[in-house]
Amino acid sequence: MRNKLLISIILVLVLILIQSTVLHYISPDMILPDLSMIVVLLYASRKGVMEGQVLGFISGLAEDFLTVSPPGFNALIKTILGFMAGILKNKLIFDPVLFPVLFIFLATLLKYMLAYVTAYVFLDSDSFSSLFNNRQLLEILLNSLLAPLVYFLLKHSKLIPTDIWSSQK
C-alpha cells in the first residue's frame, strides 16, 4: 500500500511542478486544468479516505509552496476534496467516460466553493469578487473533459498499479 501511495505522491508532485512552472512559462495567461486534483480525486475514490487525505494534503501543500497562495490554503481544500472522494470508495460503479466527467465536474465546482468560503473566512472578504468567473468556469470545463483521458491513462499506466482501478463493488 505504501508503494502505491508513494508512486501517486510522486506523480502528483511532478504534475504540480509541470503545471506551475513549464506550462505557465509557455503561456502565463493560459487557462490550465488542475491535473493533480484529477489524479488525487480518482485515486482517492478507489483507495479510500486516508489515502485521499494524505495525497490531497501533500498535493495542496506543494501547490502552496509553488504559488502565491497563503500557506495551507490549497492544502486545506485538497485535503477536504481527497477525504470526500475517499468516502466514495466501493460505493460507485466506475463508467470509464461518464463517471470521471461528472465526478470531476462536481469536484471542481466544490473546489471553488471551498476556496471561496476559505478566502471569505480566513482572508480579506474581498479576496474573491465572485464565486465563479470565466477563468474558473473554463477550468471546470477543461477538468471535466480531460477526466476520462486521465482516468484511462492512470488505469493503463505502469506507474499506478492496476489493482487500484479494478471493480470493487
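Being a predicted model, the structure only gives us computed values, none of them experimental.
Two residues are said to be in side-chain contact when any heavy atoms from C-beta on lie closer than 4.5 Å; Tyr112 and Ile140 meet this criterion. Counting heavy atoms from C-beta outward, Phe83 and Thr79 have side chains that stay 4.5 Å or more apart. Side chains of Val40 and Leu81 form no contact here, defined as non-hydrogen atoms less than 4.5 Å apart. Considering only heavy atoms from C-beta on, Glu139 stays 4.5 Å or farther from Leu32 through its side chain. Counting heavy atoms from C-beta on, the side chains of Met37 and Lys111 come closer than 4.5 Å. A 4.5 Å side-chain heavy-atom check between Pro100 and Val150 finds every atom pair outside the cut-off.
Within the model, atoms CG of Leu138 and CD of Gln136 stand 10.5 Å from one another, a figure rounded to the nearest 0.5 Å. Between atom CG of residue Leu106 and atom CG of residue Leu110 there is a gap of 8.5 Å, rounded to the nearest 0.5 Å.
Leu141 shares a hydrophobic cluster with Leu145; the chain of contacts runs through ILVMFWY side chains whose heavy atoms sit under 4.5 Å apart.
Applying the side-chain hydrogen bond (donor to acceptor under 3.5 Å, both in side chains) test to Ser69 and every residue at least two apart in sequence or in another chain returns Thr67, Asn74.
More than 12 heavy atoms of other residues, nucleotides or ligands lie within 6.0 Å of CZ in Phe103, so this atom counts as buried by the packing criterion.
Side-chain atoms of Asn143 come within 3.5 Å of backbone N or O of Asp34 as a donor-acceptor pair.
For residues 56-65, every residue pair satisfying the salt bridge (charged side-chain N to carboxylate O under 4.0 Å, His left out) rule, not counting sequence neighbours, is listed here: Glu63-Lys78.
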